[in-house]
Amino acid sequence: MKIDNLIVSFIGLGLVVFIHWFFFGKKEKVTQMGDKIEIKVSGGYNPSVIKIKKGQTTTLSLIRTDENTCLEEFVLWDFKIKKYLPLNQKVDIQITPDKKGEFVFSCGMNMFHGKVIVV
Amino acid sequence: MWDEHVPRKGDSGLMENKITQKRSFPIVGMHCASCAKLIERSISKVPGVVACSVNYASESASVEVGNNVDDKALVNAVESAGYKAIISDNKNNEKSQEELKEEEKKKEFKNLKLKVIVSAVLSTIVFVGSFPEWFGIMMETWMLMLLSIPVQFWAGREFYLATWSGLRNRAASMDTLIAIGTSAAFGYSVLSIFGIFKGMYFDTAAVIITLILLGRLLEAKAKSHTSDAIKKLLGLQAKTAKVLRNGQEIDVPIDEVVEGDLIRVRPGEKVPVDGTITEGQSSIDESMVTGESIPVDKTVGANVIGSTINETGSFVYKATKVGSETMLARIVEMVKEAQSSRAPIQRMADAVSSYFVPIVLMVAIATFVVWFNFGFPLLAFVNLVAVLIIACPCAMGLATPTAIMVGTGRGAEKGILIKDAASLETLHKITTIIFDKTGTLTQGKPIVTDISNSKILPIVGSLEQGSEHSLGGAIMDYIKERNIAVSKVTNFKALIGKGVEGTINKNNYFFGKVDDKSEEMTHHLNDVRKLESEGKTVMVLLNGKRMLGYIAVADTLKEGVRDVIQNLKDKKITPWMVTGDNERTAKAIATLAGIDNVMSDVLPEEKATKVNEFKNVAFVGDGINDAPALASANVGIAMGTGTDVAMESAGVTLLNKDFRSILTSINLSKVTMRVIKQNLFWAFGYNVILIPAAAFGLLNPMLASFAMAASSISVVLNSLRLKKIKI
């Protein structure tokens, strides 16, 4: 094996490990919800993991500042919520979960994710 | 958004006895904290504003204002400072959201179209210039670069933006793949100009971007049609109502109609909101809401539905439900909810799509390393780009939701309301269907079915004219329809549970059920027994001991029941009937309907338990007492407009009251699921086959971009097919 092959293999392996760490090694920061929480929609959801008590009514206030049209729709399937998020405009969504569990929310094409943890 | 409070006495001399409101609204366009101050100052100058604070971080303003300050003044104040306030009043929130979306979509579409046209022209030139051996046109490499720059960085800007914002959150989307793929091709070519590498790929980068943008353009166009059903439903609403106030007829915008308003509707006009007729009569075309094509005759006391069309007569009615309470508003809400719900089949695609993009990135790197090590550095690079471009997570994401949207919309058009995607999915898997008897299989109202001879009718009519029993009512309807004259009865007496007796022209008569038949009705006995075995109630007319004749009354089957049952059997779905009636009556109706399995003498509260004994079961019912059974079944189908409770607990509501719609909804479920499966198969198969193909060097990156654009469009178009498919 020539030296350049070795270098390419090494860099390749390094990149694979890096990608794995970068996308899958991300630590979830759980945000406890009060009556209202603002979620910034820009290249994903921030905060993306939110905790809420069963039976508690909470307002998710979404504001999309990202021009990327992939994020224009917000879907929380298990609550039958699908909302269009106009650019730079707040959209309030009220939820009152009646069962415990983890409920994933995502963009319309299911590329960006977050979740609601009901305890 | 509105927070009302009364300031305490002494808060401020000026504000005493005045009510103020707190309002908060988003502001667009701030770049720094000093913008916030600027806006604050501007708002504070508006007369009536008590306090104001603008938050740069949350990009919103919170203002305390007197009741007389209107939104416009606030909007203007913000605008005069050079920013934009977004205030929407709650009442029209939903509508303006729809309109806003439409507006933004239009703008976006126009923008996209321009990008596609410009980059198509530039890419074509670059492409032609890149292959002098084919086209005979020689172009300088720096010229190719110059032409590619606008395509890469202006038309392709959105890919970079999306990638950047995604990476900040450690997330990746298909934009990431496209941005990396085309940047690699572009960057490589630039370095080639300086002699660092060999080979030019400006054409590849430009063509990929053009094709993907073209794909998005077509997809956006197709996707806008998936929500046609909702748009159509919203478009049905009347804009104004002719309300009678103080004896005057005035045109009032639909939003301002309140409960209790008296509204006049003339021929050809739309009924504005739901209500009850108080004056006049007409026939009304309700097809837009119920799917039932024959106009319905309505008179005083009848309920009318908003958005239906008044055909012939003119009438006045009292509004009972307005705004979001109307039937149409509720239908729209339900369809929207169903379109936002997740079909269980989607879960797999969901799971895959969250790992998809990072894995594709790894595969692309592996492809490069392997090809490079085998001694093909140039191919290593081309194939890396092909892998990045061919991967299409979009088609997987679109496969199920687009089909559900079109499918539920199609249902709504036919008067079949589907509550959620799960019901639509489950419906085609049922193996047993249980029908409630009364009101579902039958009309729920007894009618006269057999008469021994019509001579007895005047006497029966005279006796029954005072009757309040439902069977008596059925007989009176029959007699009135035939304009048979009735006489005066003396000594009238109602024998509860048995019948009636009285004297007409000095003759004593009895009309009703007779338990001991041996004596009085020997010569009609066979007829009576036969009718009773058919589940009918037979009443006889006696003059003393002599029997003059009989009338049989029964609840009859709805139209089309037999065909539907046979059809279900052909589909290998076993029909059952459940009823509180005794076995004999139940069996009789079941036989007429063609149902072989009967559960009789079932108390209403036991229905749900019975339903639970089955697997893959649908329950069809209508009343409130059916709600538990509707909810226990895998799919509950509520017949008719029914009750709100029934609609809430049922997965499917047949607004058109047509029994045949049961088959239509099962078919709809079948075709929708078929489309979803085709979509998923195509989306998965496409990635499973083409990603390895690209990795093995069998795909040109330009072809890859074409295939990738085609995959999303084909999925959306396949879903749109549901609009036309026969169900």
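Heavy-atom basis, side chains included; hydrogens, waters and symmetry copies ignored. Throughout, a chain's letter reflects where its sequence line sits, starting with A, and its residues are numbered from 1.
The contact between B:Leu361 and chain A is made by backbone and side chain atoms together, counting heavy-atom distances below 4.5 Å. Proximity to chain B involves both the backbone and the side chain of A:Leu87, based on heavy atoms less than 4.5 angstrom apart. Proximity to chain A (any heavy atom under 4.5 Å) is shown, for B:Phe356, by neither the backbone nor the side chain. Proximity to chain A (any heavy atom under 4.5 Å) is restricted, for B:Arg168, to the side chain, taken from C-beta onward.
You'll find the ring centres of A:Tyr45 and A:Phe112 outside the 6.0 Å limit.
Between A:Asp92 and A:Lys36 there is a salt bridge, since a side-chain N of the basic residue sits under 4.0 Å from a carboxylate O of the acidic one.
No donor-acceptor distance shorter than 3.5 angstrom exists from the side chain of A:Arg64 to the backbone of A:Tyr84, with no hydrogens or angles considered. The closest donor-acceptor contact from the side chain of B:Ser423 to the backbone of B:Lys419 lies at 3.5 Å or more, if one exists at all.
No other option in A:Glu73, A:Lys82, A:His113, A:Glu72 has as many heavy-atom pairs under 4.5 Å with chain B as A:Lys82. The choice from B:Glu158, B:Arg216, B:Gln339 that makes the most heavy-atom pairs within less than 4.5 Å of chain A is B:Gln339.
Between A:Phe24 and A:His20, the two ring planes are perpendicular [angle over 60°; tilted spans 30° to 60°].
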